[in-house]
Undergrad: 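One structure follows; several queries about it will come next.
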There are 2 protein chains.
Amino acid sequence: MSKLRLSTFLPYRLSIASNAVSKAIAAAYTERFRLSIPEWRLIAILHEVEDATQQDLVRATLMDKVAVSRAAQMLEENRLVARRQDARDGRALRIRLSERGRALYRRIEPTALEYERRLLAAFGKEEIAQLSEMLGRLAEAAGRLADEDAAD
Amino acid sequence: MSKLRLSTFLPYRLSIASNAVSKAIAAAYTERFRLSIPEWRLIAILHEVEDATQQDLVRATLMDKVAVSRAAQMLEENRLVARRQDARDGRALRIRLSERGRALYRRIEPTALEYERRLLAAFGKEEIAQLSEMLGRLAEAAGRLADEDAAD
DNA sequence: GCGAATTGCTTTCATCTGTGACTATCTAGT
DNA sequence: ACTAGATAGTCACAGATGAAAGCAATTCGC
């Protein structure tokens, strides 16, 4: 009598769902906007905060600093953002959307929301809130778990 | 007035949660059992079905056939599985756990269940069922979404 | 039954990603 | 001031991943 079945194992189910969603979304972003997901994330945040150092972006997106650095370089190359030294801290780069970047964001936003809507078409408002909340708790629990084990 | 905030965007939240969980689990499996997640998945399935072709494993794990091929080779190298030609179909390889593989499985199972338990410690039974079910629906919706777009 | 198409699996190659080392700058303690 | 240590960002490498091509065996259509 086995207690573990892969198909019901939660980490597995989570990974499958996340992969499926990421794949669909990544395909849409790269095809339509020539943007990777890391790049899209930076744009989304920069649209919210207007101006941020890469370190801020690391915190906001939970991405690795190298990933942020690379995405920021790519965006700069494509003139979607401008980067300049922080006045106070010579190490930090302050990044902001260019007009071009802002324009691209305005094109993407409806697409992104539409994707989310289609993805969640079969979910009730209540369910969505619950799901979102549970994902947060899950991420938190996983973080704690990793920390505890690292302490071994 | 912006309608989209990254931190509440569901694909983003899903990706964050999945990454956090995968990372924690992968660390545990590699450290303790010298096993990658794809390898672990094959072992888990093979423990359930006893005997499968790689194609069966592709279907069961939703992994790429290349990933299955590589994981199977690695497991064979470590004598955790045996591979032999299918009697009827000379192309297919039938894979089964070796005694060594079965023994390893028995060591992993409690650990895996314990991880899942710790991950879900703050969740009620009802919640877990709901979460699991919603993840399934989400994966399905994402699959449909990708198919539709591919048809463009 | 013979050639074409399909299927199962492996190999190759191009890309992505994370890690560790490195530079430059900043901060704190003395 | 000077030094030690922390922090921002980049770079270079190595391992992982996936798509495409390849090979071998099988099945299908005529």
Side-chain angles (χ1 to χ4, degrees), chain A residues 15-16 18-20 22-27 29-31 34-42 45-46 51-77 81-96 146 150, chain B residues 15-16 18-20 22-27 29-31 34-42 45-46 51-77 81-96 146 150:
Chain A
S15 164
I16 295 299
S18 174
N19 266 347
S22 288
K23 232 172 161 178
I25 298 240
Y29 287 173
T30 48
E31 265 180 52
R34 307 282 141 193
L35 232 49
S36 70
I37 286 188
E39 287 157 23
W40 148 247
R41 286 183 181 168
L42 293 201
I45 293 290
L46 287 170
D51 187 83
T53 66
Q54 290 190 187
Q55 195 48 231
D56 293 338
L57 295 172
V58 166
R59 275 186 292 270
T61 61
L62 300 185
M63 301 187 332
D64 187 280
K65 65 180 174 167
V66 178
V68 169
S69 172
R70 286 199 265 245
Q73 281 176 43
M74 191 57 65
L75 291 175
E76 185 179 43
E77 247 176 62
V81 304
R83 298 202 289 178
R84 47 202 327 250
Q85 297 267 128
D86 184 289
R88 285 178 281 191
D89 188 334
R91 298 164 302 178
L93 290 173
R94 297 210 77 84
I95 305 185
R96 49 168 58 232
Chain B
S15 165
I16 296 299
S18 174
N19 265 348
S22 289
K23 232 172 163 177
I25 297 239
Y29 287 173
T30 47
E31 261 179 55
R34 306 283 143 193
L35 231 49
S36 70
I37 285 189
E39 288 157 21
W40 148 247
R41 286 183 181 170
L42 294 201
I45 292 290
L46 287 170
D51 185 83
T53 66
Q54 290 190 187
Q55 193 50 46
D56 293 338
L57 294 172
V58 166
R59 275 187 292 271
T61 60
L62 300 183
M63 301 187 334
D64 188 279
K65 63 182 174 166
V66 178
V68 169
S69 172
R70 286 197 264 246
Q73 282 175 40
M74 193 56 66
L75 292 176
E76 185 179 41
E77 247 175 62
V81 305
R83 298 201 290 178
R84 46 199 331 248
Q85 298 266 127
D86 184 288
R88 284 178 283 193
D89 188 334
R91 296 164 303 179
L93 290 173
R94 298 212 75 85
I95 304 183
R96 52 168 57 232

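Predicted model, so just to flag it, every value in this text is computed and none were measured.
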Undergrad: Starting at CG of A/Asp86 and ending at P of D/dG9, how long is that distance when rounded to a whole Å?
TA: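 A/Asp86 atom CG is separated from D/dG9 atom P by 9 Å.
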Undergrad: Can you tell me the distance, in whole Å, between the CG atom of A/Leu93 and the P atom of C/dT25?
TA: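 Rounding to the nearest Å, CG of A/Leu93 and P of C/dT25 are 12 Å apart.
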Undergrad: Let me know, please, whether A/Asp89 or A/Ala67 comes out on the 5' side of the other along DNA chain C by nearest nucleotide.
TA: A/Ala67
Undergrad: How close or far is atom P of D/dG9 from atom CZ of A/Arg70, stated in whole angstroms?
TA: 15 Å
Undergrad: For A/Pro38 and for B/Gln73, find the nucleotide of DNA chain C with the closest heavy atom, then tell me which residue's nucleotide is more 5'.
TA: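 Result of the comparison: B/Gln73.
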Undergrad: Side-chain N or O of B/Ser69 less than 4.0 angstrom from OP1 or OP2 on C/dT10?
TA: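 For C/dT10, OP1 or OP2 has a side-chain N or O of B/Ser69 closer than 4.0 Å.
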Undergrad: Could you tell me if the side chain of B/Gln85 sits less than 4.5 Å from the side chain of B/Leu93, heavy atoms only?
TA: yes
Undergrad: With a 4.0 Å cutoff (strictly under), does any side-chain N or O of A/Gln55 reach OP1 or OP2 of D/dA8?
TA: yes
Undergrad: What's B/Thr53 touching, base or sugar-phosphate or nothing? Going by heavy atoms closer than 4.0 Å.
TA: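 Since only primed, P, OP1 and OP2 atoms lie under 4.0 Å of B/Thr53, the category is sugar-phosphate.
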Undergrad: Using side-chain hydrogen bond (donor to acceptor under 3.5 Å, both in side chains), reason through B/Arg41 and A/Ser15 one step at a time and then give a plain yes or no.
TA: CA-CA 12 Å; B/Arg41 286 183 181 170; A/Ser15 164; 3.0 Å; yes
Undergrad: Looking for any heavy atom pair under 4.0 Å, which part of the strands does B/Arg94 touch: base, sugar-phosphate only, or nothing?
TA: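 Since no nucleic acid heavy atom lies under 4.0 Å of B/Arg94, the category is nothing.
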Undergrad: Let me know the distance between NZ of A/Lys65 and C1' of D/dT10, rounded to the nearest Å.
TA: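 For the pair A/Lys65 NZ and D/dT10 C1', the rounded distance is 9 Å.
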Undergrad: Nearest nucleotide by nearest heavy atom, which residue falls closer to the 5' end of DNA chain D, B/Gly90 or B/Asp64?
TA: B/Asp64
Undergrad: Can you tell me if B/Arg83 touches the phosphate of C/dT10, counting only side-chain N or O atoms and a distance under 4.0 Å to OP1 or OP2?
TA: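 Answer yes for this pair, as a side-chain N or O of B/Arg83 is under 4.0 Å from OP1 or OP2.
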Undergrad: To the side chain of A/Val66, which of C/dT7, C/dG20, D/dG9 is closest?
TA: C/dG20
Undergrad: For a quick test of reading the model, state the closest non-hydrogen atom pair linking A/Ala72 to A/Leu42 and the distance between them.
TA: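 Of all heavy-atom pairs spanning A/Ala72 and A/Leu42, the closest is N-CD1, 3.8 Å.
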Undergrad: With respect to the phosphate group of C/dA24, does any side-chain polar atom (N or O) of A/Gln85 fall under 4.0 Å of OP1 or OP2?
TA: no
Undergrad: Could you pull out the closest heavy-atom pair between A/Asp56 and A/Arg59, with the gap in Å?
TA: OD1-NH2, 2.9 Å
